[in-house]
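Quick note on labels: first sequence line is chain A, next is B, and so on, each numbered from 1.
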Protein chains: 4
Amino acid sequence: MSSQKSSADPTNRSPKQKRGHERVAILTEAAAKVFLEKGYEAATMTEIAAEATSSIGSLYQFFPTKVLLAEALHVERLRQLNAALVELQSSVGGMRASEIGDAIFTRLGDFLEEHREFPVLAARRDIPKERKATSRAELRGNIAALLQKAVPSIDNDIDLLAALVLELLRIIVTAAYDPDIGGDPRMVTELRGMLRKRLEEAAP
Amino acid sequence: MSSQKSSADPTNRSPKQKRGHERVAILTEAAAKVFLEKGYEAATMTEIAAEATSSIGSLYQFFPTKVLLAEALHVERLRQLNAALVELQSSVGGMRASEIGDAIFTRLGDFLEEHREFPVLAARRDIPKERKATSRAELRGNIAALLQKAVPSIDNDIDLLAALVLELLRIIVTAAYDPDIGGDPRMVTELRGMLRKRLEEAAP
Amino acid sequence: MSSQKSSADPTNRSPKQKRGHERVAILTEAAAKVFLEKGYEAATMTEIAAEATSSIGSLYQFFPTKVLLAEALHVERLRQLNAALVELQSSVGGMRASEIGDAIFTRLGDFLEEHREFPVLAARRDIPKERKATSRAELRGNIAALLQKAVPSIDNDIDLLAALVLELLRIIVTAAYDPDIGGDPRMVTELRGMLRKRLEEAAP
Amino acid sequence: MSSQKSSADPTNRSPKQKRGHERVAILTEAAAKVFLEKGYEAATMTEIAAEATSSIGSLYQFFPTKVLLAEALHVERLRQLNAALVELQSSVGGMRASEIGDAIFTRLGDFLEEHREFPVLAARRDIPKERKATSRAELRGNIAALLQKAVPSIDNDIDLLAALVLELLRIIVTAAYDPDIGGDPRMVTELRGMLRKRLEEAAP
DNA sequence: CATGAATGAGTATTCATTCAT
DNA sequence: CATGAATGAATACTCATTCAT
């Protein structure tokens, strides 16, 4: 249910030494920062390298393409996101429907706050729809698993509910990313409330 | 009394002749199409001109900047959107809370289906936050007015509710824009349901 | 000695009505202003038309080319300049060598102050060298005539002296045009002094 | 530690490798040539790159802007010019007033003959007046220092005299630049003579 | 492997000039 | 003739990517 694929895409040459692993991490974080600040298209490989206090050549050593760099980062974040959901499973046993939504919101909200570049990566227009579908399916699956585990009695519409959670989260992400709206915490409260109600209704 | 261009004024030249008005309309629609297909950043002034079977010079005659072109289109769509909301006012008098949400969803859903480039325009990263706030405020105001008119008894949290409607619509937009998800009409139904419930609760 | 050619270059269609003459004057002055402000290359036909509160089409009606417009203006200014020199002839009879230089400086200084775009026009890189030589020759000739008339005893080197006067004036022009230097009136005094001395020496 | 480019810093990238230094030199000379031939505005970055048998990208690697390229070249020439003046100091001790002017004319004449693009660079309309004033001041200072060293008894008006030298040189430059006039060596002789006389008078 | 130089196709934008109304 | 729309070659500049050292 969770994703355990090795983080190295076959297209990237994977670093052979520890040195390389550190470099990759630094480059990746630099990319995250620049993608967040500038957006995917406006971010330049040169600026990312500079942010990592590394050279263009070095950046290309590990990520032979801007697309591949974005993808690597995206995949990594998805892995972390799914891992967070999986981890949540151990603590939701026996929760009431009204609580599971909150738990998910809280956990994923934390994730998204820490990795604010995530929506930028997810919104890239050149993600092959296939990969997109797969990613969505995996996330939805993990959320569905959570719902299921917490409230075994819902199995009807469970996939739809999972998708709904995802969409509601997307609002929060967007709102949080957009400084104008994000300030109003009542919006999050509202959304949590709506979800809670829906879940209670699904599993009375 | 001319002044085709003048590097110092950041405004679109408005056409003075019939020919000009027609051309502007064609250019605008071409821009809408290309922005939708490619996204704002990847859209090319050259391609837009080509799509309009105009010369690049003609495009720049009326829209001296890519930003200004996008803005003009965005403003136009916002105008239409707000007009639709205002128009809706005349038909909501006496609706029940449970119906007003549906009415809005339907009307705005239609709009968004017809103008699929809207989210692209609205997501541009270079919109000055001030303008963004103003636009949001206007939309929210019109939605609030609708809610108020239909159900005068809600005045508590009416702005928050309006904002909520906007966010839920954003989901639909995004989902509709994203071919993978948009197909599932149950999602829209879900969202409508959630909103209906919330509104009923607000105005029992 | 002075130039009396008709101001209309054969390449320009000359206006047939009074209306046309006014237009031409307005356009010409607008051109003068814009050339002065922006320089020849940076000046645009569009801006010139706007400055004349006229349309591009109208501008092109009278001056079918930017080059032709600049040339027409240049020729007009040269005509005025030469006319001023010719006019001066009637008042220099019997002046001493030490005075004639001052007289020329004063008169031409006035001209250049009133028509500050002159150096811009004269510095255009695309003036055919032939025309350039002719213009210079005419100016030099008129200055030589002045010197001759005032101090008939100088005939040796009179052309060289005339050229010298021209060059010294160029300094003033440049300096006057350049706000940083122009402020210092002592420079003009110096140049006048040097010229006076040289002339006295030439005609003891 | 890279940072090839970064849209926010208005500086030339300095080369870090030997290859880079060579390229910069080639590009600079190519720029000098094209600026001289075409003038600043008409000179094209593409043509400069071609003249240097480099790619346009290489040119921009080191000179991120046409303005910056011109400035770099201008600054370099000013440096050389000032260096020439400073160097001259060691050989003017004890010269007579009548000689120092000639020495300066000769030295700077050589410089200007070798770097004929200099006036083009100096005449650019977009030089910030502040920089212009500074450059002038430095040149004037060096000339003043020369005059002072050679003829310590002049201190009255020394700055004005230095400015005068500069202006007289400007004539030569302009004349030399302008093929029509430059040919006449008597003009230079005249100017030298005038200056000599003025200096003798200043330091009898 | 790291570094940064080299490449060049691609992009927004300008502007003289021509043309339809 | 006036007006302003149409045209498109030309230009500065960008940036992903490749290569030499």
Side-chain angles (χ1 to χ4, degrees), chain A residues 13 15-17 19-20 23 41-47 49 54-62 64-67 69, chain B residues 1-5 7 13 15-24 41-49 54-67 69, chain C residues 13 15-17 19-20 23 41-47 49 54-62 64-67 69, chain D residues 1-5 7 13 15-24 41-49 54-67 69:
Chain A
R13 296 173 222 159
K16 300 288 189 295
Q17 297 140 32
R19 236 14 199 277
R23 240 322 132 80
E41 310 233 24
T44 73
M45 292 299 270
T46 303
E47 187 176 358
S54 160
S55 71
I56 270 275
S58 209
L59 175 53
Y60 271 89
Q61 193 76 31
F62 296 108
T65 276
K66 189 182 174 186
V67 169
L69 171 57
Chain B
M1 219 54 86
S2 93
S3 102
Q4 293 186 295
K5 207 157 286 182
S7 58
R13 316 276 157 276
K16 319 276 181 201
Q17 299 180 355
K18 188 164 52 133
R19 222 175 10 144
H21 278 101
E22 287 161 10
R23 187 50 62 99
V24 163
E41 311 232 26
T44 277
M45 291 300 267
T46 305
E47 186 176 359
I48 291 170
S54 294
S55 68
I56 186 70
S58 257
L59 175 53
Y60 274 92
Q61 175 108 41
F62 298 108
F63 303 99
T65 278
K66 189 181 173 186
V67 168
L69 172 57
Chain C
R13 294 173 224 162
K16 299 287 187 299
Q17 297 140 32
R19 238 11 201 280
R23 238 324 131 78
E41 311 234 25
T44 74
M45 293 299 271
T46 304
E47 187 177 358
S54 160
S55 72
I56 269 274
S58 209
L59 175 54
Y60 270 89
Q61 193 76 32
F62 296 109
T65 275
K66 189 183 175 185
V67 168
L69 171 56
Chain D
M1 219 52 89
S2 94
S3 103
Q4 292 187 294
K5 207 157 284 178
S7 58
R13 316 274 158 276
K16 318 277 182 202
Q17 299 180 356
K18 187 164 52 136
R19 224 178 6 146
H21 278 101
E22 287 161 10
R23 187 49 64 99
V24 162
E41 311 232 26
T44 277
M45 291 300 268
T46 305
E47 187 177 357
I48 291 171
S54 292
S55 69
I56 186 70
S58 256
L59 176 53
Y60 274 93
Q61 174 109 43
F62 297 108
F63 302 100
T65 278
K66 190 181 171 185
V67 168
L69 172 56

Phosphate-side-chain proximity, [X] and [N], N/O vs OP1/OP2 below 4.0 Å:
X	N	value
Thr44(D)	dT11(F)	yes
Thr65(B)	dT13(E)	yes
Arg23(B)	dT7(F)	yes
Lys66(D)	dA12(F)	yes

In whole Å, I'd like the distance from the [atom1] atom of [X] to the [atom2] atom of [N].
X	N	atom1	atom2	value
Phe62(D)	dC15(F)	CZ	P	18 Å
Lys18(B)	dA6(F)	NZ	P	13 Å
Glu22(D)	dA6(E)	CD	C1'	14 Å
Arg19(B)	dA2(F)	CZ	P	17 Å
Ile56(C)	dA6(F)	CD1	P	15 Å
Gln61(B)	dA20(E)	CD	P	16 Å
Tyr60(D)	dA16(F)	OH	C1'	18 Å
Glu41(A)	dT14(F)	CD	P	17 Å

For this session: Answer with base, sugar-phosphate or nothing: what part of the nucleic acid does Ala43(C) contact at a heavy-atom distance below 4.0 Å?
Result: sugar-phosphate

For this session: Give Ser58(B) one of three labels, base, sugar-phosphate or nothing, depending on what nucleic acid heavy atoms sit under 4.0 Å from its own.
Result: base

Exercise. Between Lys66(C) and Glu41(C), which heavy-atom pair has the shortest distance, and what is it?
Worked result: NZ-O, 3.2 Å

Exercise. Any side-chain heavy-atom pair from Phe62(A) and Leu69(A) closer than 4.5 angstrom?
Worked result: no

Gap separating the [atom1] atom of [X] from the [atom2] atom of [Y], nearest 0.5 angstrom:
X	Y	atom1	atom2	value
Met45(D)	Phe63(D)	CE	CZ	8.5 Å
Leu59(C)	Arg23(C)	CG	CZ	10.0 Å
Ile56(A)	Thr44(A)	CD1	OG1	7.0 Å

Taking any strand in view, what nucleotide pairs with [N] in a Watson-Crick or G-U wobble way, both distances under 3.5 Å?
N	result
dA16(F)	dT7(E)
dT11(F)	dA12(E)
dC1(F)	none

For this session: Map Val67(B) and Gly20(D) onto DNA chain E by nearest heavy atom, then report which one ends up closer to the 5' terminus.
Result: Gly20(D)

For this session: Nearest-nucleotide wise, let me know which of Ala42(C) and Gly57(C) is further upstream toward the 5' end of DNA chain E.
Result: Ala42(C)

For this session: Between Thr46(D) and Leu59(B), just flag the one whose closest nucleotide in DNA chain F comes earlier from the 5' side.
Result: Leu59(B)

Exercise. So which one's nearest nucleotide on DNA chain F is more toward 5', Met45(A) or Pro15(B)?
Worked result: Pro15(B)

Exercise. Counting only N and O atoms by type, is there a donor-acceptor contact under 3.5 Å from the side chain of Ser55(B) to the main-chain atoms of Ser58(B)?
Worked result: yes

